[in-house]
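Letters A, B, ... are given to chains in the order of the sequence lines, protein chains preceding strands, and every chain is numbered from 1.
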There are 2 protein chains.
Amino acid sequence: MKLSTKGRYAVMAMADLAYHCNGSPVTLAAVAERQEISLSYLEQLFGKLRRGGLVKSVRGPGGGYMLSRDASLLRVSDIILAVNEHIKTTRCADGGSSGCQTDKSRCLTHDLWRELSNQIFLYLSSVSLADICEGRVLGTSGLFFNGGRTERTTAAQ
Amino acid sequence: MKLSTKGRYAVMAMADLAYHCNGSPVTLAAVAERQEISLSYLEQLFGKLRRGGLVKSVRGPGGGYMLSRDASLLRVSDIILAVNEHIKTTRCADGGSSGCQTDKSRCLTHDLWRELSNQIFLYLSSVSLADICEGRVLGTSGLFFNGGRTERTTAAQ
DNA sequence: AGTATATCCGACTATTTCAGTCAAGTTTAT
DNA sequence: ATAAACTTGACTGAAATAGTCGGATATACT
């Protein structure tokens, strides 16, 4: 799970889409202006989002992009995975335990990284676009990942 | 909190140090060979680690590096912060809520990103070098996901 | 003193990714 | 037909990453 501004732009744009959606498509030009992201760059990102099945496009005049499903069903992790072609976090073959047997201390950190990556993924999976739109991201002072938050919210729209 | 191979190398090297330390300094050459990281690159990283107060150096023959304190007191987050000069995650001024008031939807993702960064930091703060050396990485003692989601992965026990 | 061993330091290079641009297309409502 | 919008691919500058290189400095041991 890679975290960069690319993924953040994608999430920002998707949140904008969810926020300003009222049944009709939203043009990228509008998103670009509101979020202050270059239109051409957005086109690039939305190409990936569309191919990833996260948005639907409507071509021609009056067209634009729409979420492919309800905002409560679109997780942040989906968005980031769609725009960032996945990277391998560890050098030695992933779960295969193929190499890395030579020295015991060499792969000590691999468990850590895999677990961290897992943590991040779980967190981003627990947040939906609807959560973002409704500011339901912070909170839970100190205890995070209280399960089932996304499911409970059902997109008050 | 930036996550790249740079930080991972640093953690690997520090874990190696903790693992092979028996009172006397460990040379970077030994670490480089065991962890298969270039010596010159390690020197670069350990310069930062030393300036960050995480390791002590002993120059001259028989010299090398030692942990500055017990492995249980060195957190992974310390290491990563030491080698990665910190970056700002959001474009608009950080906690200041200075800009970003223009459009409501624009900063919607900022809370998310700040929270995510916080999550990552908390996780990496909860893991010490000693934890890594003893394989106590998975199943982080309930600091996360205490709701029974990733329950007791039985790594150590 | 001299030397081997090690850390220290700064500049340098190559590769990749990021962020954005440009120039063409295709589809479709009017 | 025309214009609005998406679609695609190639291209670019800037930055970060990952790694290299050559030397300088400190110190233990002859």
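- Residue-level contact check: A:Phe46 touches neither bases nor backbone, having no heavy atom under 4.0 Å from any strand.
- Atom C1' of nucleotide D:dT27 and atom NZ of B:Lys56 are separated by 18 Å, given to the nearest angstrom.
- Taking atom OH of residue B:Tyr41 and atom C1' of nucleotide C:dC8, one finds them 18 Å apart after rounding to whole Å.
- With DNA chain C read from its 5' end, the first of the two nearest nucleotides for A:Ser38 and A:Gly60 is the one closest to A:Ser38.
- A:Leu39 comes within contact range of no nucleotide atom at all, as no heavy-atom separation falls under 4.0 Å.
- Protein atom CD1 of A:Ile37 is 15 Å distant from nucleotide atom P of C:dC18, rounded to whole Å.
- Contact between the side-chain N/O atoms of B:Tyr65 and the OP1/OP2 oxygens of C:dA6 is not found at any separation under 4.0 Å.
- Put simply, A:Arg50 has no side-chain N or O that comes within less than 4.0 Å of OP1 or OP2 on D:dC6.
- Atom pair A:Leu42:CG and C:dT21:P shows a separation of 11 Å (rounding to whole Å applied).
- In plain terms, the two heavy atoms of B:Pro25 and B:Met66 that are nearest each other are CA-CG, 3.6 Å.
- Per the geometry, OH belonging to B:Tyr9 stands 11 Å off C1' belonging to D:dT17, to the nearest Å.
- Here the nucleotide nearest the side chain of A:Pro61, chosen from C:dT5, C:dC8, C:dA29, is C:dA29.
- If you take CG of A:Leu45 and P of D:dT8, they are 14 Å apart, rounded to a whole angstrom.
- Distance alone, capped at 3.5 Å, places no donor-acceptor pair between the B:Asp16 side chain and the B:Ala13 backbone.
- No side-chain heavy atom of B:Ile37 sits less than 4.5 Å from a side-chain heavy atom of B:Val31.
- Taking 4.0 angstrom as the limit, A:Ser57 places none of its side-chain polar atoms (N or O) nearer than this to OP1 or OP2 of D:dA5.
- Proximity note for B:Ser40 (side chain, C-beta onward) versus C:dC8, D:dC21, D:dC6: the nearest is D:dC21.
- Put simply, CD on A:Glu43 is 13 Å from C1' on C:dT26, counting in whole angstrom units.
- B:Ser68 places a side-chain N or O within 3.5 Å of a backbone atom of B:Gly53 that can act as its donor or acceptor partner.
- Under 3.5 Å, the side chain of B:Gln44 and the base of D:dT20 form at least one donor-acceptor pair of N or O atoms.
- Atom CE of A:Met66 is separated from atom C1' of D:dA5 by 15 Å (rounded to the nearest Å).
- In this structure, of D:dT8, D:dC6, D:dT17, it is D:dT8 that holds the atom nearest to the side chain of A:Arg51.
- In the set C:dT26, C:dG20, C:dC9, the nucleotide with an atom closest to the side chain of A:Arg59 is C:dT26.
- Using bins of under 30°, 30° to 60° and over 60° for the plane-to-plane angle, the ring pair B:Tyr41/B:Tyr9 lands in the perpendicular bin.
- Across the interface with DNA chain D, nearest-nucleotide mapping of A:Gly62 and A:Gly47 shows A:Gly62 to be the residue nearer the 5′ end.
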